[in-house]
**Student:** 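Have a look at the structure that comes next, please.
Chain naming here is simple, since letters A, B, ... match the order of the sequence lines and numbering starts at 1 in each.
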Amino acid sequence: MRIPDDWPATEDRARAVQDELRGQVVLDETGPPPGTGHVTGVDVAYDDDRDLVAAAAVVLDAATLEVVAEATAVGRISFPYVPGLLAFREIPAVLAALGDLSCPPGLVVCDGYGLAHPRRFGLAAHLGVLTGLPAIGVAKKPFTFTHDEPAAPRGSTSPLLAGAEEVGRALRTRDGVKPVFVSVGHRVSLDNACAHTLALTPAHRLPETTRRADALCRRALKEATGADEYAV
DNA sequence: GCGACAG
DNA sequence: ATCTTGTCGC
């Protein structure tokens with residue numbers, strides 16, 4: 001898994017890449033059953049002053065949620081944050097981390113959106129297509145979409161809407177706590193994506209995958225010297 | 001035209 | 001994302 005050498009340099013080119021890759025998303029697979037095999041969380045942290053980005057990939061045993069493997073990667077920030085183009089900022093570092101894992105990632109859980117995206121090709125869909133891995137997005141904020149408040153009990157959902165189109169689901173992972181926003185990335189159904197999210201949230205609002213990856217990439221960023229960058 | 005907008 | 005103290009609760 002190498003960083004594509006034609007990685008976009010401009011916003012217009014990035015949008016063209018999204019339009020070009022969107023057709024490769026696979027939507028007719030259910031995806032792996034929750035509670036079996038591996039589930040991998042990925043996340044990225046930034047240090048604008050040092051111009052550094054750190055990514056982490058943490059593989060969990062889906063049944064026990066224990067850590068099976070982890071990897072980090074540090075590099076230069078290669079793209080600004082532009083709403084709708086998050087993937088271009090995060091993916092190079094994430095690919096480097098995934099490539100360093102000692103075991104297969106299984107299902108990848110992203111901190112952000114999949115098909116719930118202005119061009120229907122968010123981070124999780126993009127990462128899924130580039131790696132071929134099943135992927136879902138679990139976001140903390142509704143982005144530009146609308147939704148009704150899900151009922152109070154854990155497990156309640158309401159559709160995440162772009163107009164009349166259901167692009168994902170607001171999912172309550174803890175009683176009475178604000179929901180997370182789940183969307184399909186690649187090779188996983190929305191029902192299964194929500195089932196995985198619930199299996200990954202026995203104790204917290206956010207999936208264990210996201211929590212582990214978040215903690216690890218922050219630590220990697222702190223410990224980064226700048227001399228240990230991955231090659232581009 | 002202006003603001004809002006995953007991380 | 002990141003900058004940040006104390007505080008309430010399991």
Side-chain angles (χ1 to χ4, degrees), chain A residues 8 11 14-15 17-18 22 25 41-58 72-97 108-129 135-147 154 159-163 165-171 173-186 190 193 197 201-207 209-224:
Chain A
E11 295 186 17
R15 292 189 184 93
V17 168
Q18 292 178 328
R22 184 175 44 212
V25 175
V42 293
D43 196 18
V44 177
Y46 302 92
D47 183 334
D48 291 313
D49 295 326
R50 291 192 296 161
D51 191 37
L52 288 181
V53 52
V58 180
T72 62
V74 175
R76 294 282 170 181
I77 299 178
S78 58
F79 207 91
Y81 172 66
V82 180
L85 301 180
L86 176 65
F88 296 92
R89 182 167 168 82
E90 306 226 324
I91 280 184
V94 169
L95 286 179
V108 178
V109 180
C110 296
D111 191 0
Y113 282 112
L115 297 185
H117 179 274
R119 315 178 83 84
R120 303 295 179 271
F121 197 66
L123 173 60
H126 201 143
L127 187 61
V129 164
I136 67 172
V138 180
K140 299 182 285 295
K141 298 195 290 192
F143 200 17
T144 60
F145 307 106
T146 61
H147 65 95
R154 160 178 158 87
L160 186 65
L161 300 172
E165 182 186 357
E166 181 178 28
V167 294
R169 216 164 269 169
L171 170 65
T173 55
R174 301 291 291 161
D175 290 357
V177 175
K178 64 179 179 180
V180 298
F181 303 91
V182 179
S183 61
V184 166
H186 185 56
L190 183 54
T197 303
T201 50
H204 300 278
R205 178 173 85 110
L206 297 179
T209 39
T210 299
R211 293 167 43 80
R212 298 297 257 272
D214 178 76
L216 183 55
C217 70
R218 291 189 196 221
R219 183 157 63 78
L221 186 60
K222 253 190 230 173
E223 294 169 355

**Student:** List the atom of Gly137(A), the atom of Ala124(A), and the distance in Å for their closest heavy-atom pair.
**Tutor:**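 The answer is N-CB, 3.6 Å.
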
**Student:** Determine whether a donor-acceptor pair (N or O, by modelled atom type, separation under 3.5 Å) exists between the side chain of Arg89(A) and the backbone of Phe79(A).
**Tutor:**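 Yes; judged by distance alone, with no hydrogens or angles, the pair exists.
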
**Student:** Could you tell me how far apart Arg218(A) (CZ) and dC3(C) (C1') are, to the nearest whole angstrom?
**Tutor:**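 Result: 12 Å.
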
**Student:** Do you know which two heavy atoms are closest between His126(A) and Ala87(A), and how far apart they sit?
**Tutor:**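 The answer is ND1-CB, 3.7 Å.
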
**Student:** For the backbone of Leu221(A) and the side chain of Arg50(A), can you confirm whether one donor and one acceptor N or O come within less than 3.5 Å of each other?
**Tutor:**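 Confirmed, Arg50(A) side chain pairs with Leu221(A) backbone.
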
**Student:** Can we say Asp111(A) and Lys140(A) salt-bridge, meaning some charged N sits less than 4.0 Å from an Asp/Glu carboxylate O?
**Tutor:** yes

**Student:** Here's a test for you: under side-chain hydrogen bond (donor to acceptor under 3.5 Å, both in side chains), which of Arg218(A), Arg212(A), Arg211(A) qualifies with Asp214(A)?
**Tutor:**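 Considering Arg218(A), Arg212(A), Arg211(A), a side-chain hydrogen bond (donor to acceptor under 3.5 Å, both in side chains) with Asp214(A) is found only for Arg218(A).
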
**Student:** Do the side chains of Val167(A) and Leu115(A) get nearer than 4.5 Å, heavy atoms only?
**Tutor:**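 When only atoms from C-beta onward are counted, Val167(A) and Leu115(A) do not touch, as no gap falls below 4.5 Å.
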
**Student:** I need a per-nucleotide contact map over nucleotides 4-10 of chain C, read 5' to 3'. Cutoff is protein heavy atoms under 4.0 Å; write B for the base, S for backbone only, - otherwise.
**Tutor:** -------

**Student:** Using whole Å, report how far CG of Leu221(A) lies from P of dT2(C).
**Tutor:** 7 Å

**Student:** Parallel, tilted or perpendicular, judged at 30° and 60°: which one describes the rings of Phe181(A) and Tyr113(A)?
**Tutor:** tilted

**Student:** Can you give the dot-bracket line for DNA chain C, where a pair is Watson-Crick or G-U wobble with both atom distances under 3.5 Å, crossing pairs use [ ], and | marks a partner on another strand?
**Tutor:** ..........

**Student:** Taking His117(A) for the side chain and Gly84(A) for the main chain, is one N or O donor matched with an acceptor at less than 3.5 Å?
**Tutor:** yes

**Student:** What string of B, S and - do you get for nucleotides 1-7 of chain B 5' to 3' if you count protein non-hydrogen atoms under 4.0 Å?
**Tutor:** ----BBB

**Student:** Does Arg76(A) use its side chain to pair, donor to acceptor, with the backbone of Leu52(A) at less than 3.5 Å?
**Tutor:**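 Such a contact is absent between Arg76(A) side chain and Leu52(A) backbone.
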
